[in-house]
There are 2 protein chains.
Amino acid sequence: MKTSIPNETIGRLFPYFRALMCLIKEGKDTISSYELADLCNLNPAIIRKDFSYFGDFGKRGVGYNVSNLMNTIRNILGLIPLKRVALIGVGNIGNALLLYPNFELEGFKIVLAFDNQSTKIGRKINGVTIEDVSYLEKRLKSHKIHLCILAVPESAAPVIAHRLAKTGVKAILSFSPCQLAMPDNIKVTCVDLSTEMARLVYYSSREIFSEIRSLQGKTERHKKVSI
Amino acid sequence: MKTSIPNETIGRLFPYFRALMCLIKEGKDTISSYELADLCNLNPAIIRKDFSYFGDFGKRGVGYNVSNLMNTIRNILGLIPLKRVALIGVGNIGNALLLYPNFELEGFKIVLAFDNQSTKIGRKINGVTIEDVSYLEKRLKSHKIHLCILAVPESAAPVIAHRLAKTGVKAILSFSPCQLAMPDNIKVTCVDLSTEMARLVYYSSREIFSEIRSLQGKTERHKKVSI
DNA sequence: ATGTGTGAAGAGCTTCACAGCC
DNA sequence: GGCTGTGAAGCTCTTCACACAT
């Protein structure tokens, strides 16, 4: 077995993919780890190492072929064919997601949307009809859904998450700052804005001190935070 | 100088804070690292270590006083008085943020909101009047803003970010999957949904294999992802 | 010359394990 | 007995530095 792949490496694959899509649009067909590092704000070595976990994609003395690399990464991430996403909760956030124009380019397609408000049920947004959340389980089973996005009020999140787990959903992206207590075989990621805001506030209010420290030649105390 | 504080520790402070608020509501006045670890899905040792960077808050044989600990963490994060936040872009996401009921409990207050659509300018949401983004710089300077939230269309993000930087803003939370290329003294965090979705898809589709691995007694290959 | 792939060194973070205090 | 605080060990991820390919 090859040495295990860092979780961080997986997290960088999609940003690489996005950068490569841009490069294709610009007509560039070869890129070095140094140039890509500039674009992504990373060290070139880590880019080479990231790719090396999956194979030898580059040519020494030349660099990487942009479109080959892009396709390779898309395959590693499994984004072809498009991943089918179900959205639960069509409030402001759910609405924004349904209207987000780039999901399909990026490899995702919202194919189901649910809400519990009768005024919303039956409405169609961007080709997706909002359905009654009562039929959640039935509908999830008939479509093969890869990922559920939970955009319901915080109070409803645990109940829905539990229903999703029971239905066999394997991945949940939640907008509730959760401790959703899911079994280990279900992957959950929470978008926790307050935590990110708190972190930003903490570091930005200490920036004065770290500037002083860096004048003294000490090393940076915190790494640059970027998701 | 004390040993440097891990970035990860800072990222856990707010979840601790939130958990402690809940405990207070439940009337609990003492908690051990073991119980808190259970609530937050962490190892007790890391909780003790996290707190130890800031002082000796616990009593051996007893645990931590819930309300003292909560107040201490709130102070470390600098969340009293409330941090003043400016929101740029009142689309669906901006709207959702303005309506989010818990910000003030959590230490944040949106005091300014901007948009460029004349139909929105002048409207009042949750006590905040939407202003013309033309006056961004002037208004930011007159209020003392700790954090800006960027919820504008992707195409507008770089321009606005640049204007914020020029105005002296120190922290930006952006909803555009960005490489915002800001100077180092400005802290930027991007909420990048597609990257998180890609990560979830990657791991959830490989779950079968890691189950097999764990039957063979090998260690987990990826840590649980939770922001 | 230019730029990849990678072992080894280094940095950062977590967990262990236990002394010390309640 | 119960639980904290912490050095040391262990693990993970990043960076260095250079052999090797074009």
Side-chain angles (χ1 to χ4, degrees), chain A residues 1-13 15-16 28-66 68-69 72 199 203 210 218-227, chain B residues 1-13 15-16 28-66 68-69 72 199 203 210 218-227:
Chain A
M1 190 171 107
K2 279 191 72 171
T3 149
S4 80
I5 300 168
N7 182 32
E8 314 290 314
T9 294
I10 304 305
R12 281 186 295 265
L13 290 179
Y16 293 149
K28 206 154 162 45
D29 48 47
T30 295
I31 190 158
S32 71
S33 60
Y34 296 85
E35 297 171 280
L36 191 53
D38 253 23
L39 286 176
C40 300
N41 241 315
L42 294 168
N43 178 302
I46 208 164
I47 290 185
R48 298 199 297 276
K49 183 141 282 189
D50 281 347
F51 295 159
S52 78
Y53 289 115
F54 303 99
D56 293 4
F57 305 140
K59 272 205 182 32
R60 294 172 193 228
V62 181
Y64 302 89
N65 177 290
V66 175
N68 287 356
L69 188 56
T72 304
R199 195 206 296 262
Y203 283 121
S210 42
K218 307 250 176 172
T219 51
E220 272 282 337
R221 211 182 59 183
H222 59 272
K223 63 179 182 200
K224 241 177 115 184
V225 180
S226 78
I227 300 186
Chain B
M1 192 170 104
K2 278 191 75 170
T3 151
S4 79
I5 300 168
N7 183 32
E8 314 291 313
T9 294
I10 304 305
R12 282 187 293 264
L13 290 179
Y16 293 149
K28 206 156 163 43
D29 47 48
T30 295
I31 191 158
S32 72
S33 61
Y34 296 85
E35 296 172 280
L36 191 53
D38 253 23
L39 287 176
C40 300
N41 241 315
L42 294 167
N43 178 302
I46 208 164
I47 291 184
R48 299 199 296 277
K49 184 140 284 190
D50 281 348
F51 295 159
S52 78
Y53 289 115
F54 302 99
D56 293 4
F57 305 139
K59 272 206 183 33
R60 290 167 196 235
V62 181
Y64 301 88
N65 176 291
V66 175
N68 287 356
L69 188 57
T72 303
R199 196 206 296 262
Y203 282 121
S210 41
K218 307 250 176 172
T219 51
E220 272 281 337
R221 209 184 59 183
H222 58 273
K223 61 178 183 199
K224 242 178 112 182
V225 180
S226 77
I227 301 187

- Item | Atom-pair distance (CD on Glu8(A); C1' on dG12(C)), nearest Å | 11 Å

- Do you know the tightest heavy-atom contact between Leu42(B) and Arg12(B)? CD1-CD, 3.6 Å

- Message: As a test of reading the structure: which of dC16(D), dT6(C), dT4(D) is closest to the side chain of Ser52(A), going by heavy atoms?
- Response: dT6(C)

- Heavy atoms, side chains only, cut-off 4.5 Å: are Leu69(A) and Tyr16(A) in contact? no

- Quick one: is Tyr53(A) getting a side-chain N or O under 4.0 Å of the dT14(D) phosphate, OP1 or OP2? no

- Here the distance between atom P of dT6(D) and atom CZ of Phe54(B), to the nearest Å, is 14 Å

- Residue pair Ile31(B) / Leu39(B), side-chain heavy-atom distance below 4.5 Å: yes

- Item | Sequence-distant partners of Asn65(B), side-chain contact (heavy atoms from CB on, under 4.5 Å), two or more places apart | Ser67(B), Asn68(B)

- Task: Let me know the distance between CD1 of Ile31(A) and C1' of dT4(C), rounded to the nearest Å.
- Result: 14 Å

- Task: Can you sort out the partners of Asp38(B) under side-chain contact (heavy atoms from CB on, under 4.5 Å), two or more places apart, ordered by chain and number?
- Result: none

- So does Asn43(A) get a side-chain nitrogen or oxygen closer than 4.0 Å to the phosphate oxygens (OP1/OP2) of dC13(D)? no

- How many angstroms lie between CD1 in Ile10(A) and CG in Asp50(A), if you round to the nearest 0.5 Å? 8.5 Å

- For Thr72(A), the option from Phe54(A), Phe57(A), Phe51(A) that meets side chain to side chain contact (heavy atoms under 4.5 Å, CB included): Phe57(A)

- Item | Ser33(A) vs dT4(C): side-chain N/O to OP1/OP2 distance below 4.0 Å | yes

- Task: Calculate the interatomic distance between Leu36(B) atom CG and dG5(D) atom P; express it in whole Å.
- Result: 13 Å

- Item | Nucleotide dG12(C), atom C1' - distance to CG of Asp50(B) in whole Å | 14 Å

- Message: Expressed as a whole number of angstroms, how long is the span from Ile46(A):CD1 to dC16(D):C1'?
- Response: 12 Å

- Letter per nucleotide, 5' to 3', of nucleotides 17-22 of chain D [B base touched, S only sugar-phosphate touched, - untouched; heavy atoms, 4.0 Å]: B-BBBS

- Quick one: Phe51(A) CZ to dG3(C) C1', roughly how many Å, whole number? 14 Å

- Task: Please state how far atom CD1 in Ile47(A) lies from atom P in dT14(D), giving the value in whole angstrom units.
- Result: 12 Å

- Under the 3.5 Å rule, do the base of dT6(C) and the side chain of Lys49(A) count as making a donor-acceptor pair? no

